[in-house]
J.: 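Here it is, the structure in full.
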Amino acid sequence: SEPSNSMVVCRQRWLNGLVRPIAAICLILTVAAIGWLLSRVCLSEVAVLLSAQSALILLWCCSQRPLAVVTHSYLLVCFLLLARESALTFNHRVPCGLATFGESCVETRCAEYHHIPILGIRTGCARYECARSERKEVSPVYTSTESFNVWTGIALVAVWVAFIAAARQLRQWRLAYREESRRRSDTETRLFQCVTVILVVPATYGLCAFHALRTLSVNHEDTWQAEGMMSAAELYSAIALLAFQRLLEGHVRNLEAGSAAAAAFEEDSLSLKAEQQYINACQHSKVRGSFQRLIGAGLKQYVVLVFGCNALEMLAKTWNRADPDSCRFALARVASQWFPHHEISISPNESFVHSSKHIRESSIACEDLWNTFALLMLVANFFTCSIALYAVLQYERAFADLLKPVRPFWKFWGVKGLLSVNFLQRVVLMLLGSLASGSTDLGANFRTFLNFFLVCLEAAGLACLNVCAYQCMASCEDKTENYDLAGDSENCKAAPDPRKDAALAVCVGRPFD
């Protein structure tokens with residue numbers, strides 16, 4: 001009977017190991033098919049991504065923690081959008097249509113007349129020329145062969161590499177957590193949930209950068225749409241930075257509580273020295289809690305500011321679609337408010353208007369109106385981002401010795417590496433453009449295009465960095481010291497010490513949040 005039971009168990013495990021890959025392949029094919037079908041539908045990718053991020057923030061606030069199932073759902077939305085972007089790249093579709101404008105003559109005049117020989121009398125007009133023309137919409141375009149080129153092809157491969165690496169690592173963490181989910185403490189669960197948020201950063205940046213790259217390939221004049229998609233990536237980067245701070249707090253709390261428990265429950269725990277060490281540990285924990293709340297406030301205001309900027313930009317784009325003509329009056333009113341002692345008459349640049357093929361004249365006013373407010377938000381965003389980064393770096397420096405086994409430096413670059421690199425390379429490209437002002441090869445549109453292309457490549461590099469920085473498997477010694485979500489070694493399955501849990505509850509004072 002024992003061999004037959006073992007055969008049944010082995011067969012069951014074999015079936016389970018076979019069903020999971022098949023289910024995963026079916027899910028991937030289904031999502032890819034849905035993304036292909038979505039390529040025929042006109043929708044705003046920025047609005048979809050911001051809605052998913054808003055749901056992530058809302059559920060985080062309601063549950064006081066980033067839920068792993070919500071993060072996986074967000075990754076599924078990114079997968080749908082990336083499948084849609086891939087389909088649009090290869091089938092050359094423009095589902096929302098691309099308005100095309102041209103010159104239409106509204107008034108003509110005679111440029112050459114017929115004459116009677118010898119007498120020289122004009123009898124009629126031989127050739128007409130346009131005396132006055134107007135810019136009118138010719139017809140919308142729903143296909144564009146410029147969507148696929150060498151740049152977009154390389155960028156698409158890099159983004160898919162970043163997405164596959166992030167999804168594979170998320171799966172490893174999920175499987176490692178599910179193996180002993182019943183024995184996981186609440187703190188370990190929260191650490192796992194924070195890691196899931198961080199691992200999706202490369203996929204988000206890659207998706208947003210590739211959408212911006214494809215948009216500029218189809219219409220190099222539509223920089224507003226491209227920059228708006230990258231703003232959504234910055235919002236998720238701010239969310240990941242908050243999750244990273246919670247991750248550090250969880251590691252510090254575990255390591256510190258473990259050392260306090262070991263000092264408090266030694267054989268000579270009744271001695272005055274051990275009791276004094278325990279009191280000092282509890283006082284240090286209270287100071288650390290105040291420090292963490294102060295840093296958390298700095299990070300939250302960064303998330304709120306970036307979320308507000310993205311919400312206002314979506315309102316501005318909705319206004320542009322609903323009533324673009326009113327932007328002209330609003331732009332003139334803003335100019336009069338900024339310069340109240342001047343008479344200002346605003347009119348679009350005629351040469352720019354006539355040279356543009358896919359931009360409405362009224363939309364130019366809406367874009368300039370948004371750029372007026374965006375400059376103010378850029379300054380505020382720079383300072384809040386600097387404060388948030390400085391707060392996290394100070395926290396890491398304050399607990400450097402305690403966090404040394406966790407390797408927080410590479411984990412930090414896994415969160416904010418792309419934001420910092422993106423900012424620095426934009427500054428470098430602007431300097432190169434100013435130095436080569438006479439060259440047309442480094443124009444503003446090409447610099448923006450090149451920046452998005454580099455971000456796609458850097459997203460793949462960041463995903464590979466996260467594979468090393470956020471390793472799921474660890475040794476038994478690391479797991480004992482760091483409470484890491486490690487493998488399934490039998491030596492690592494030590495029963496929890498109730499004395500340590502009691503010391504953790506007394507010394508920490510409140511659950512990890």
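What's counted below: heavy atoms across the whole structure, side chains too, no hydrogens, waters or symmetry copies. Predicted model only: the values in this text are computed from it and were never measured.
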J.: Would you confirm whether the ring centroid of W151 sits within less than 6.0 angstrom of the ring centroid of F210?
T.: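 F210 vs W151: aromatic centres not under 6.0 Å.
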
J.: Which heavy atom of A158 sits nearest a heavy atom of C456, and at what distance?
T.: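 Heavy atoms of A158 and C456 come nearest at CB-O, 3.6 Å.
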
J.: I'd like to check L389 versus L241 (side-chain heavy atoms, cut-off strictly below 4.5 Å). Are they in contact?
T.: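 When only atoms from C-beta onward are counted, L241 and L389 do touch, with a gap below 4.5 Å.
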
J.: Go through it in stages, so that I can follow the logic: the residues are N310 and Q53, the test is side-chain hydrogen bond (donor to acceptor under 3.5 Å, both in side chains), and I'd like the CA-CA distance, side-chain angles, deciding distance and then a yes or no.
T.: CA-CA 11 Å; N310 281 271; Q53 294 176 357; over 6 Å; no

J.: Which residue pairs pass the salt bridge (Lys or Arg N to Asp or Glu O under 4.0 Å) test when at least one of the two sits in residues 36-61, sequence neighbours left out?
T.: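 Residue pairs passing salt bridge (Lys or Arg N to Asp or Glu O under 4.0 Å), neighbours aside: E45-R84.
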
J.: Going by heavy atoms in the side chains, are I154 and V150 under 4.5 Å from each other?
T.: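 In contact.
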
J.: Using 30° and 60° as the class boundaries, would you call the ring planes of W370 and W224 parallel, tilted or perpendicular?
T.: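 Rings of W370 and W224: parallel, under 30°.
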
J.: Would you be so kind as to tabulate the donor-acceptor pairs closer than 3.5 Å made by side chains of residues 88-98, with sequence neighbours excluded?
T.:
residue : atom : partner : partner atom : Å
T89     : OG1  : E85     : O            : 2.7
N91     : OD1  : R93     : N            : 3.1
N91     : ND2  : A87     : O            : 3.0
H92     : ND1  : S147    : OG           : 3.1

J.: Is the shortest heavy-atom distance from the side chain of D323 to the side chain of D325 under 4.5 Å?
T.: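 When only atoms from C-beta onward are counted, D325 and D323 do touch, with a gap below 4.5 Å.
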
J.: Whether the N219 and Q225 side chains hold a donor-acceptor pair (N or O, under 3.5 Å, no angle test) is what I'd like checked.
T.: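 Side-chain D/A pair, N219 to Q225: absent.
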
J.: Determine which pairs satisfy salt bridge (Lys or Arg N to Asp or Glu O under 4.0 Å) with at least one residue from residues 196-212, sequence neighbours left out, and list them in order.
T.: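 Found none.
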
J.: Under the disulfide (SG to SG under 2.5 Å) definition, can you give me all pairs with a residue in residues 353-392, not counting sequence neighbours?
T.: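 Qualifying pairs, neighbours excluded: C327-C366.
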
J.: Is there a side-chain contact between T223 and E367 (heavy atoms, below 4.5 Å)?
T.: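 Yes. Closest side-chain heavy atoms under 4.5 Å.
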
J.: Which donor-acceptor pairs under 3.5 Å do side chains of residues 295-304 form with protein atoms, sequence neighbours excluded?
T.:
residue : atom : partner : partner atom : Å
Q301    : NE2  : G298    : O            : 2.7

J.: Does the H72 side chain pair with the main chain of A68, one donor and one acceptor, at a distance under 3.5 Å?
T.: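 The answer is yes, because a donor-acceptor pair under 3.5 Å joins these two groups.
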
J.: Under the rule for side-chain contact (heavy atoms from CB on, under 4.5 Å), what residues qualify as partners of A47, not counting sequence neighbours?
T.: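 Once residues adjacent in sequence are excluded, the partners of A47 under the side-chain contact (heavy atoms from CB on, under 4.5 Å) criterion are S44, M314.
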
J.: Assess whether side-chain contact (heavy atoms from CB on, under 4.5 Å) is satisfied between V306 and S231, documenting all intermediate values.
T.: CA-CA 8 Å; V306 178; S231 299; over 6 Å; no

J.: Could you check if a side-chain atom of H211 sits within less than 4.5 angstrom of a side-chain atom of F452, using non-hydrogen atoms only?
T.: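 The answer is no, as the side chains (C-beta and beyond) never meet within the 4.5 Å cut-off.
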
J.: Evaluate the side-chain hydrogen bond (donor to acceptor under 3.5 Å, both in side chains) criterion for residues N451 and T448: first the C-alpha distance (whole Å), next the side-chain angles of each, then the deciding distance (0.1 Å), finally the verdict.
T.: CA-CA 5 Å; N451 178 57; T448 305; over 6 Å; no

J.: How about V455 and Y205: do any of their side-chain heavy atoms sit closer than 4.5 Å?
T.: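 V455 reaches Y205 side chain to side chain.
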
J.: Students often mix this up, so state it plainly: with edges at 30° and 60°, are the rings of F449 and F446 parallel, tilted or perpendicular?
T.: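 Parallel, since the angle between the ring planes stays under 30°.
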
J.: A side-chain contact here means heavy atoms from C-beta on lying under 4.5 Å apart; do Y470 and L247 qualify?
T.: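 Contact flag for Y470/L247 side chains = yes.
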
J.: Between V197 and Y236, is there a side-chain heavy-atom distance shorter than 4.5 Å?
T.: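 In contact.
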
